Each structure stands twice: as structure tokens, then as C-alpha cells.
Novice: 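First, the structure itself, so that you have it in front of you.
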Amino acid sequence: MAPAIQCRDLRKTYDGQVEAVRGLNLEIEAGECFGLLGPNGAGKTTTIEILEGLLEPTSGQVTILGQTWKDNSRELREAMGISLQETRLSEKLTVRETVTLFSGFYRHPRAPLEVLEQMQLTEKADAWVGKLSGGQRQRLAVATALVGNPKILFLDEPTTGLDPQSRRQLWDTIRGFQQAGGTVLLTTHYMDEAERLCDRLAIVDHGQIIAEGTPADLIERLGGHHMVEFQVSGSSNGHSGEVWRALPGVESVRQDNGFVCLNVHEPHLTIPALLVAVEKEGQHLLHLTTRQASLEDVFVRLTGRHLREE
């Protein structure tokens, strides 16, 4: 079966100078939930807008469901549902009217009331869009993406502004769409969301993919399975970093907002040695936690930034 989304050597240059996307290669299989993560300015949004047909690439090839935007634009628009991070909808239409309006853009839409029920907006069907809360607007935006009965969903930070219950309900909606054979391309600032939903993901920085794989694979490639985070008095001493790096089982060391973060293989060996080293350095332990390594740790190690940092 042909990939649902494929791009080869994708490039986008603005004003002949600024390279937003630099030779990006991507392949997403039908039925996958694929995550595209990256810090601000990494080229993620430009890439997605090219895939959605909103931007022309400077060079490279894009095929969606085996078709191209140049030759099959109408068919591709019928096959896609798109929910942007901030979807501006008419505030003087009701929720029902909005979803009905969007359904009219497609030849084989779903029933608007069915979609409203799925997104738990039935009680708000006759409310004006302008009266909705931020979370309700976000769910309405996803409803407008689903009503066209798409084969591919583009979801740009779909759970921003949602309460925890609504967030998990949307996760169920995404999984249900997948189980019915749909393909999802997801961007998110929530690493737990990416770990739970994405079959595979790619981390983009400076216009290129710098890591790709399943969440478990990427965490495995980090080199260790546990994180030991601690804070000590006087931790600014220049030689301390080498002391922590020399501890048994330590794969890597980084400083993060006054804390030292150790990526380790065997915390039961590292932690006792750490306590001895702190005392030997004449410092005092202020804080100590240990946890499983996460996708956030992979991201920080690869890009030097947390995903939610501006």
C-alpha cells in the first residue's frame, strides 16, 4: 500500500535567503498517528502548510494518498480534515449552523448532528459560536475537520485549552478515527500526548528531521532509561559537572533551571555514589528525584530546549 503522506527533499526558502525547510524527507503510512514535534522556528508549521496544500514548496516532491496537489487538488481537499491551532469561525453562527456549513463543502459528508454528538457539543448545538468557551471552540474546530468524512486528519495542537476530561475524550476520538482506517498527522506541545497517541514521530529542528521513530525507540536511543534530578547548594562550581559525569551508570549530564539532570542506566548504583560525591564536594543536597526517561528528555537532549519554551 502506498504511504498516506510522502515528501522527498522538501525545501522552502523565503525571500531567497531564509531556509525554513531544508531537504526534509517524510513517509507516513495509512492508518498511522504520526507526530511532528519541534521548537518554535524549526520549520514544522511550514512543512505542515505545504502538506496541506496551503504553501508551494520551493523544491521537492509531495504526494498525498498517491496524488499531488498540482494534479489532484480537489480530490485531496475532499480527503482531508484540518484543525488549526486557532480556527477563526463566524461568531454569529450557531454551532449546528457552523458544522452544517462545513459539511456542505464535501460530496460525502457525515451527518452534522452525529459529529456534534461525537465531540460532545449536542447541548451547545443552538448556541452562538461567540458564546462558546475556549475549550468548546477547540472541540468545534475538530468537529469541522471531521464532518467532511476525511481519510487524513491534520491536527495542530488540538487539545490546547481543553480541560483534562475533554482532552482524553479527544484522544478517544483520534484513536477511533485511526481504528476506522484514518491517518492522523498531529502536532502538540504536550509530550505525554505524543507518547500516548503517536505510533511514530519526528523531531524537526532548523528545517530538518533530526530524529524519527516510535516514542519507545527514541527514548531507548537516549542511552539510559532513568533520570536522576537533583539540586545542591553551591552547584555553580565549575568542576562539579565533571564529578557528576564520572558517577557510575551516568550516560549524560545537563543543567536545567538550577537542577542537574543525569540520564542513567542503573539508578541503584548512581544514587549512592551521588550522595557520597555531594558530601565530598562539601555541598548540601537540596532536592533529589528519580523517574523514567521520557520523550521530553529526548527532545531537550536533541534540541537543547523544552518543547513549551518560546
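Note that the coordinates shown come from a computational prediction; the quantities given were computed from them, not determined experimentally.
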Novice: Considering residues, nucleotides and ligands other than His284, do more than 12 of their heavy atoms fall under 6.0 Å from its NE2?
Specialist: no

Novice: Looking only at non-hydrogen atoms, find the nearest pair between Thr290 and Pro267 and report the distance.
Specialist: OG1-CB, 4.3 Å

Novice: Tell me whether Asp256 contacts the main-chain N or O of Phe259 through its side chain, where contact means a donor paired with an acceptor under 3.5 Å.
Specialist: no

Novice: Looking at Leu186, Leu185, Asp156, which one forms a side chain to side chain contact (heavy atoms under 4.5 Å, CB included) with Leu36?
Specialist: Leu185

Novice: Output every pair passing salt bridge (charged side-chain N to carboxylate O under 4.0 Å, His left out) with a member in residues 45-68, not counting sequence neighbours, ordered by first then second residue.
Specialist: none

Novice: Check Glu91 with Lys131, please: is the shortest side-chain N to carboxylate O separation under 4.0 Å?
Specialist: no

Novice: Around atom CD of Glu114, are there more than 12 heavy atoms of other residues, nucleotides or ligands at under 6.0 Å?
Specialist: yes

Novice: Counting heavy atoms not belonging to Gln292, are there more than 12 under 6.0 Å from its CD?
Specialist: yes

Novice: Which atom pair, heavy atoms only, marks the closest approach of Val115 to Ala143?
Specialist: CG1-O, 3.6 Å

Novice: Picking from Thr58, Leu26, Ile50, what satisfies side chain to side chain contact (heavy atoms under 4.5 Å, CB included) with Leu10?
Specialist: Ile50

Novice: Can you tell me if NZ on Lys151 sees more than 12 non-hydrogen neighbours from other groups inside 6.0 Å?
Specialist: no

Novice: State whether the number of non-hydrogen atoms from other residues, nucleotides or ligands found under 6.0 Å of Glu75 atom CD is greater than 12.
Specialist: yes

Novice: Salt bridge (charged side-chain N to carboxylate O under 4.0 Å, His left out): which pairs involve residues 284-295, sequence neighbours left out?
Specialist: Glu229-Arg291, Arg291-Asp297

Novice: Mind listing the closest non-hydrogen atom pair of Leu153 and Ala145 along with its distance?
Specialist: CD2-CB, 3.9 Å

Novice: Going by atom types only, do Gln169 and Gln120 share a side-chain donor-acceptor pair under 3.5 Å?
Specialist: yes

Novice: Is it true that Glu193 and Arg167 have a side-chain N and a carboxylate O under 4.0 angstrom from each other?
Specialist: yes

Novice: Just to verify, what does Arg175 make a salt bridge (Lys or Arg N to Asp or Glu O under 4.0 Å) with, not counting sequence neighbours?
Specialist: Asp172

